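Data first, discussion second: the structure below is written as structure tokens.
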Amino acid sequence: VQLQASGGGLVQAGKSLSLSCVASGFTLDYHAFGWFRQAPGKEREAVSCIDDSDGYSQYFYADSVKGRFTLSRDNAKNTAFLQMDNLKPEDTAVYYCAAGSSVIYSMLNSRSSYDYWGQGTLVTVSS
């Protein structure tokens with residue numbers, strides 16, 4: 001079981017970046033999925049999460065990224081994405097992808113709900 005995140009890099013404020021997370025060893029669309037981030041000296045926080053394991057898509061977006069970030073999944077490729085537009089310096093962090101098998105909506109943005117974690121990819125936004 002593995003999650004492999006990629007796509008991070010250095011970008012200027014206002015630009016876009018797309019992260020990818022490829023799952024192996026399990027079927028991603030049977031699990032809740034989330035993107036989290038951790039900035040230096042801060043707690044890891046949920047950025048965007050989705051659970052559609054019961055056929056009904058439920059999303060979480062942090063207030064700080066609403067309208068700028070979009071989570072999507074390509075189930076055929078067992079891959080999830082995070083499209084990040086209009087990036088800001090405060091978006092600078094290591095971004096992690098995670099998957100969980102039994103997640104209730106009220107806990108969708110909680111780190112403790114997720115069983116599998118990717119290794120993280122660094123996003124740096126310069127002003």
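Atoms considered below: every heavy atom in the structure, side chains included; atoms not considered: hydrogens, waters and symmetry mates. Because the structure is a prediction, the values reported are computed rather than measured.
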Gap between atom OG of S16 and atom CE of M84 - 0.5 Å precision: 9.0 Å
Looking at residues at least two apart in the chain, or sitting in another chain, which of them share a side chain to side chain contact (heavy atoms under 4.5 Å, CB included) with F26? V1, L3, A23, L28, H31, A99, Y116
Check each of T79, D52, D29 against R73 using the side-chain hydrogen bond (donor to acceptor under 3.5 Å, both in side chains) test, and report the only one that passes. D52
With sequence neighbours left out, which residue pairs that include part of residues 43-72 fulfil the ring pair (Phe, Tyr, Trp, His ring centres under 6.0 Å) condition? none
Closest non-hydrogen atom pair, T121 against G7: OG1-N, 4.0 Å
Residues in side chain to side chain contact (heavy atoms under 4.5 Å, CB included) with S127, at least two apart? P89
Do V123 and F36 sit in one hydrophobic cluster, given that two such residues count as connected whenever their side-chain heavy atoms are within less than 4.5 Å of each other, even indirectly? no
If you compare all heavy atoms of S48 against all heavy atoms of L82, which two are closest, and at what distance to 0.1 Å? CB-CD1, 4.2 Å
Using the rule that Ile, Leu, Val, Met, Phe, Trp and Tyr join whenever any side-chain heavy atoms are under 4.5 Å apart, tell me whether V103 and W117 fall into a single cluster. yes
Residues passing the side chain to side chain contact (heavy atoms under 4.5 Å, CB included) test with S126, sequence neighbours excluded, are L10, Q12
Group every Ile, Leu, Val, Met, Phe, Trp and Tyr by side-chain heavy-atom contacts under 4.5 Å, then state whether V94 and L19 land in the same group. no
Besides M107, the hydrophobic cluster formed by Ile, Leu, Val, Met, Phe, Trp and Tyr side chains linked at under 4.5 Å, directly or via other members, contains I104
Side chain Q119, main chain A5, donor-acceptor under 3.5 Å: yes
Taking salt bridge (charged side-chain N to carboxylate O under 4.0 Å, His left out) as the test, write out the residues that go with D91, two or more places apart. R37, R68
How long is the straight-line distance from CG of L108 back to OG of S113, given to the nearest 0.5 Å? 7.5 Å
To the nearest 0.5 Å, how far apart are CG in L87 and OG1 in T92? 8.5 Å
Check: Y95 side chain, Q38 main-chain N or O, donor-acceptor pair, under 3.5 Å: no
Hey, what do you get for SG (C49) to CZ (F33), rounding to the nearest 0.5 Å? 9.0 Å
Rounded to the nearest 0.5 angstrom, the CG-CZ distance for D74 and F81 is 5.5 Å
Would you kindly check if the NZ (Lys) or CZ (Arg) of R44 is within the cone defined by 45 degrees around the ring axis of Y96 and under 6.0 Å from the six-membered ring centre? yes
Common cluster, Y105/Y114, ILVMFWY with side-chain heavy-atom separation under 4.5 Å: yes
